[in-house]
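Heads up, the thing below is written out as structure tokens.
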Amino acid sequence: MNNFEEYCTKFVQSVGAKEGAVSPQIVSSASFSYGDSETGEGIFNGSVKKPLYSRMGNPTTGKLESILAEMDGGIGAVATSSGMGATSLATLSLLEMGDEVISIGGLFGGTYSLFNETLKRFGVSTQFFDVDEIEAIEATITPKTKIIFLESVGNPNMRLPDIKKIADIANNAGVALIVDNTITPLSVAPLKLGADIVVYSTTKIITGNASALGGCAVFRAINEGEDKFKSARYAFMEKFIKKMGAMALIPNAKKRALRDFGMSANAHASYQTMLGLETLPLRLSRITQSVETIAKALDKEGFNINHPYLEKHPHHARYKKDFVNGCGTLLTIDMQTKEKAFAFLNNSKLATITANIGDSRTLALHMASTIYSDFDKETKEFLGITDGLIRVSIGLENPEDIINDFISAAR
Ligand SMILES: *Cc1c(COP(=O)(O)O)cnc(C)c1O
């Protein structure tokens with residue numbers, strides 16, 4: 001397990017300024033005066049690089065975007081009002097009526113209903129697959145497939161995808177691959193594995209303390225020679241590639257999604273997110289180690305734990321090989337019945353009962369009665385939501401304290 005040493009240096013150095021105010025400045029202005037009309041014209045046509053209006057970009061948010069783009073090796077990033085804002089921005093900027101989406105793994109409840117209900121209303125259809133249905137995924141790609149969407153870790157089913165293999169399929173077919181890397185920032189590098197866009201809910205482990213809702217989409221550079229975004233499948237990209245070259249996915253996302261849907265980040269949230277980033281490597285490396293300790297100890301105590309660190313998990317080998325820096329803060333406990341799950345949660349003195357994950361504190365939630373309460377039986381089965389399922393997001397507490405608390409809560 002790695003301590004993310006590179007990022008320990010990078011984040012604190014890039015968030016803090018070397019001159020003047022050390023902490024990032026919060027520019028909370030919605031609008032910016034151009035001074036003269038020529039400058040205004042230049043800002044609108046892109047020849048002058050100054051803020052236009054905070055819906056389209058804000059200096060505080062811009063600083064966060066450049067740090068997150070560098071974190072993932074992207075050419076740029078667009079921060080958003082929430083993680084769902086980032087997923088909406090990334091998908092809506094590529095989709096039109098009649099298009100098809102392939103969604104693999106997980107799936108986070110909001111993302112599932114975006115694909116299964118909301119985008120359907122706008123004439124976009126989605127087919128859902130488990131991470132290991134590789135042949136069926138390949139066979140489902142048609143000329144209308146615009147997006148393959150993947151979660152780096154199934155939330156809450158804890159199944160792990162072979163990201164490289166799925167990226168190869170997407171790249172061979174010339175289809176965009178979007179990876180939701182919310183659960184595994186730093187530990188998994190989707191762009192390096194062949195993805196085109198990475199989306200985050202920064203609300204979770206990146207900010208890490210429930211102080212700010214936010215999201216971000218990180219984009220790769222368009223290649224100079226051949227590139228899938230230069231194909232007929234993405235004909236609308238042509239004008240952006242002509243004007244902006246390698247950067248083209250950024251203006252496409254800003255003009256086709258941010259400008260018209262307005263899922264823009266606000267400066268205060270961007271500031272809080274940067275404060276979180278400074279300690280992300282430390283928190284993540286501690287928690288991923290705690291998760292393993294806790295999963296093993298509770299499994300030994302007879303708890304029904306789902307985590308790929310455990311040898312009984314079907315993706316244990318993949319965890320050892322491809323997830324050497326862990327797979328985030330989550331594990332699940334199946335208490336068999338709703339009653340037992342409620343009793344456990346109510347008895348625990350450490351777990352905070354909430355829908356969030358990736359916090360400094362240990363958080364827990366009964367899945368079927370909350371996030372998935374209005375999902376039908378088949379969907380719950382597909383997503384692995386059983387009657388007694390509790391999702392736990394391990395925090396910074398002493399792992400021994402958590403183990404002891406959970407053992408006494410289950411009695
Ligand atoms: C929380 C979460 C989201 C949505 O993020 P919000 O900031 O709540 O909008 C998306 N994907 C995953 C995996 C999440 O955990």
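Side chains included, hydrogens not; waters and symmetry mates left out as well; all remaining heavy atoms used. Both counts, for ligands and for their atoms, begin at 1 and track the order of listing.
Using a 3.5 Å distance cut-off with no hydrogens or angles, the side chains of Thr352 and Thr354 do not pair a donor with an acceptor.
A salt bridge between Arg220 and Asp196 is present, with a side-chain N of the basic residue lying under 4.0 Å from a carboxylate O of the acidic one. Comment: Lys10 engages Glu6 in a salt bridge, judged by a side-chain N to carboxylate O separation of less than 4.0 angstrom.
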Listing, residues 379-386 side-chain donor-acceptor contacts under 3.5 Å, not counting sequence neighbours, or none:
from, atom 1, to, atom 2, distance (Å)
Thr379, OG1, Asp376, OD1, 2.5
Thr386, OG1, Asp334, OD2, 2.9

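For ligand 1, the 4.0 Å heavy-atom shell takes in Ser82, Gly83, Met84, Phe108, Asn155, Asp180, Thr182, Ser201, Thr203, Lys204, Leu213, Gly214, Ile357, ordered by chain and residue number.
Sorted by first and then second residue, the salt bridge (Lys or Arg N to Asp or Glu O under 4.0 Å) pairs with a member in residues 127-138 read Asp130-Arg159, Asp132-Arg159, Asp132-Arg318; sequence neighbours excluded. Note on residues 351-371: pairs passing salt bridge (Lys or Arg N to Asp or Glu O under 4.0 Å), not counting sequence neighbours, are Asp359-Arg361.
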